[in-house]
Amino acid sequence: MLTVGIDIGSISAKAAVIQDGQLVGSKVMLTGYNAKTAGEKVFADLLAELDLARDAPDRIVATGYGRNSVAFAHKAVTEITCHARGAHFQDPAIRSIIDIGGQDSKAITLNEAGGVRDFAMNDKCAAGTGRFLEVMARALEVDLDGFGALSLKAQNPAAISSLCTVFAESEVISLIAKGARRADIIAGIHESVAARVAAMANRVRVQAPVMMTGGVAHNIGVVKALEAKLGYPVQVSAYAQVNGAIGAACLAAA
Amino acid sequence: MSNQDKPIDFEKERRKIKSVKKMKDIMTHYYIDAKTAGETGKKVAWITSGGPVEPLIAMDVIPVYPENHGAMIGASKMGVDLCEKAEGMGYSGDLCTYALADIACSPVDGGPIGGLPKPDMLVCCNNICGTVLKWYEVQARYYDVPLFILDTPFCHTEFSAEAQQYVRRQLDEYLVFLETACGRTCDRDRLQEVGRLSMAGQRLWQAVLDTTVNKPAPMSAFDAFFHLALIVTLRGTQTVIDYYTELLAEMQTRVAEGISAVPDEQHRLLWDNLPIWYRTKWLSEKFASHKACLVADTYTSAWCGSLQYMNEDDFLGSMAEGYSRIYLNIGTDQMAAMVLGMIDKYAAEGLVMHSNRSCKPYSLGQYDIARIVQEQRGLPTLIIEANMTDARSFSESQVETRIDAFMEMLKA
């Protein structure tokens with residue numbers, strides 16, 4: 001059986017193909033203005049890369065904020081259910097997930113079967129999300145990819161007290177003006193994201209082993225800060241960004 | 001195609017609650033009476049939603065509820081505009097949006113009914129929150145009318161003899177305040193009779209709410225949000241008794257005929273906090289699309305929740321305890337116990353909490369209650385962040401994802 005999962009997030013669109021219980025391919029691209037077009041394109045491009053015909057998939061499940069705009073999907077499932085299923089596919093021992101995506105962050109606890117036991121999501125505020133880090137990277141004129149490594153060089157992490165993205169940005173600008181080191185400011189930013197996400201994770205009583213998913217999992221600085229706040233290690237998914245799409249493909253096969 | 005040509009959806013028509021029209025008529029007459037009070041020589045008192053209204057009814061004073069008005073403003077989607085206006089007047093957007101909308105309405109006669117009738121006096125009871133103290137002070141200055149404040153001590157665990165005496169004495173002062181404002185004495189026998197009607201009305205309202213113990217439920221919390229208006233505004237009158245008697249009969253008929261609020265009800269949930277007034281239709285349809293019915297709520301049951309402390313034979317004497325021990329004036333453990341009681345009674349399989357930016361006393365403690373419900377009943381909680389009147393705090397796609405995910409979890 002060949003199934004496809006499509007995850008349309010606020011920043012990137014992801015697709016994953018699963019054949020007979022094996023992950024055979026995945027793809028990530030920017031969502032851009034039109035979620036509908038992004039869904040079609042990520043799906044078509046991935047099938048082309050894998051040399052599969054458009055009608056090859058038996059079933060397709062869409063997830064993410066744009067889940068209802070993927071007209072050719074057989075079903076739409078929320079990213080919470082999909083992330084749980086995706087993490088379970090990757091490692092059945094996983095009991096909790098911390099997912100930080102473009103516009104939201106979430107903590108999910110799982111049962112033995114990969115189903116959702118409980119979840120919490122950030123409120124309407126962008127603090128503690130990928131978008132928050134993007135805004136900060138722009139203020140600091142640093143490429144977001146270099147954020148993680150740079151923050152590990154911090155000697156004296158700055159204190160970012162504001163929870164609001166806009167106010168935090170002005171805090172960062174004033175720290176720059178005061179001559180604070182870039183690495184210290186970035187480490188401070190990571191700590192503020194970690195503090196916010198850890199509080200949410202504790203609310204649903206996350207249990208180890210914890211897997212981190214979403215694009216922000218690629219940021220080693222956030223991962224380290226989160227481990228420090230939680231007090232135990234966090235396993236970074238090898239497919240952090242496409243975990244939701246993998247879960248959707250698994251659910252399509254179910 | 002004109003409306004006449006549209007095919008009638010008989011199933012939808014069957015599900016409609018027929019008493020709705022009568023309720024609308026009663027509320028329209030009530031507001032017309034209140035707005036023409038100046039011509040009929042009656043006095044108008046503005047009173048907080050949890051305030052002791054019975055003495056007003058006994059004195060023939062028309063009670064008017066700025067909070068009911070706030071709900072109407074929210075439901076008619078006029079909240080954002082009025083909140084922005086209040087912010088322009090210098091009030092913080094973090095304040096209660098009922099207060100903001102009411103304060104902003106006064107100088108412009110705004111809102112869905114062109115402003116509330118001018119008050120002759122204000123009656124403020126802090127059993128629901130602390131904001132009402134400043135809100136009513138602002139309005140007392142604006143309208144230059146007398147204000148009576150009834151201070152009900154917070155009941156963490158129990159209602160002490162000292163608290164009883166403290167509130168009881170204030171109730172005597174309240175009667176003196178009314179007698180002074182109206183220029184005549186209060187007939188105690190009449191007050192006793194109004195108290196009896198008030199309790200009878202509350203019992204009937206509870207009976208209406210209790211019809212949802214049936215599976216499927218004949219009504220949902222969204223219906224209760226609407227039908228609530230009478231027990232709030234006209235408590236202590238025969239009108240309430242007549243209307244709820246009729247509504248109860250309609251619900252019993254629906255139960256007998258198997259007419260449910262939600263088609264093919266599969267899931268039963270409990271709602272906590274005030275409604276999100278400008279989104280009740282959307283939320284109702286969203287839950288119904290998952291075959292979920294919000295069978296009960298902590299909000300509408302608050303207007304009959306302290307009946308156990310009231311005594312029909314000594315109404316004035318028991319008012320102190322009855323008005324102090326209401327849902328928003330008790331400790332979190334007691335609130336949780338009430339929520340657990342409702343979960344058991346209505347066979348709910350999950351809790352939906354509106355974390356309301358506007359109402360702090362209602363939202364404080366929700367995470368603890370959710371934890372207690374999880375620990376003692378193993379039931380999950382969905383938290384929806386919003387604001388009862390101000391639509392700027394509502395994000396549809398985020399709320400939709402939470403509801404969909406929660407329902408996926410319940411169905412799994």
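Per chain, numbering begins at 1; letters A, B, ... match sequence-line order.
- Between the B:Glu408 side chain and the A:Val77 main chain, no donor and acceptor come within less than 3.5 Å of each other.
- Residue A:Lys36 places its NZ atom among 12 or fewer non-hydrogen atoms of other residues, nucleotides or ligands, all under 6.0 Å distant.
- Going from atom OH of A:Tyr65 over to atom CD of B:Gln398 covers 4.0 Å, rounded to the nearest 0.5 Å.
- In this structure, A:Phe167 places its CZ atom where only 12 or fewer heavy-atom neighbours from other residues, nucleotides or ligands lie under 6.0 Å away.
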Could you give the side-chain donor-acceptor pairs of residues 2-11 of chain A under 3.5 Å, partners two or more places apart or in another chain?
{"unit_1": "A:Thr3", "atom_1": "OG1", "unit_2": "A:Ala249", "atom_2": "O", "d": "2.8"}
{"unit_1": "A:Ser10", "atom_1": "OG", "unit_2": "A:Gln103", "atom_2": "N", "d": "3.4"}

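- Shown here is A:Gln22, whose CD atom has no more than 12 heavy atoms of other residues, nucleotides or ligands within 6.0 Å.
- Between atom CG of residue A:Asp118 and atom CZ of residue B:Phe406 there is a gap of 8.5 Å, rounded to the nearest 0.5 Å.
- B:Phe225 CZ: more than 12 foreign heavy atoms inside a 6.0 Å radius.
- Between A:Thr78 and B:Thr401, the shortest heavy-atom distance links the atoms CG2-O, 3.7 Å.
- When heavy atoms are compared at a cutoff of 4.5 Å, B:Glu400 approaches chain A by way of both its backbone and its side chain.
- Rounding to the nearest 0.5 angstrom, the gap separating the CD1 atom in B:Ile383 from the CZ atom in A:Arg203 is 6.0 Å.
- A 6.0 Å sphere centred on OH of A:Tyr33 holds no more than 12 heavy atoms belonging to other residues, nucleotides or ligands.
- Heavy atoms closer than 4.5 Å to chain A are found nowhere in B:Ala412, neither backbone nor side chain.
- Open room surrounds NZ on A:Lys75; 12 or fewer heavy atoms of other groups in view lie less than 6.0 Å from it.
- Taking CE of B:Met409 as the reference point, atom CZ of A:Arg117 lies at 9.5 Å (rounded to 0.5 Å).
- Comparing A:Asp104, A:Val116, A:Asn111 by heavy-atom pairs within less than 4.5 Å of chain B, the highest count is held by A:Val116.
- Going from atom NZ of A:Lys106 over to atom CZ of B:Arg402 covers 9.0 Å, rounded to the nearest 0.5 Å.
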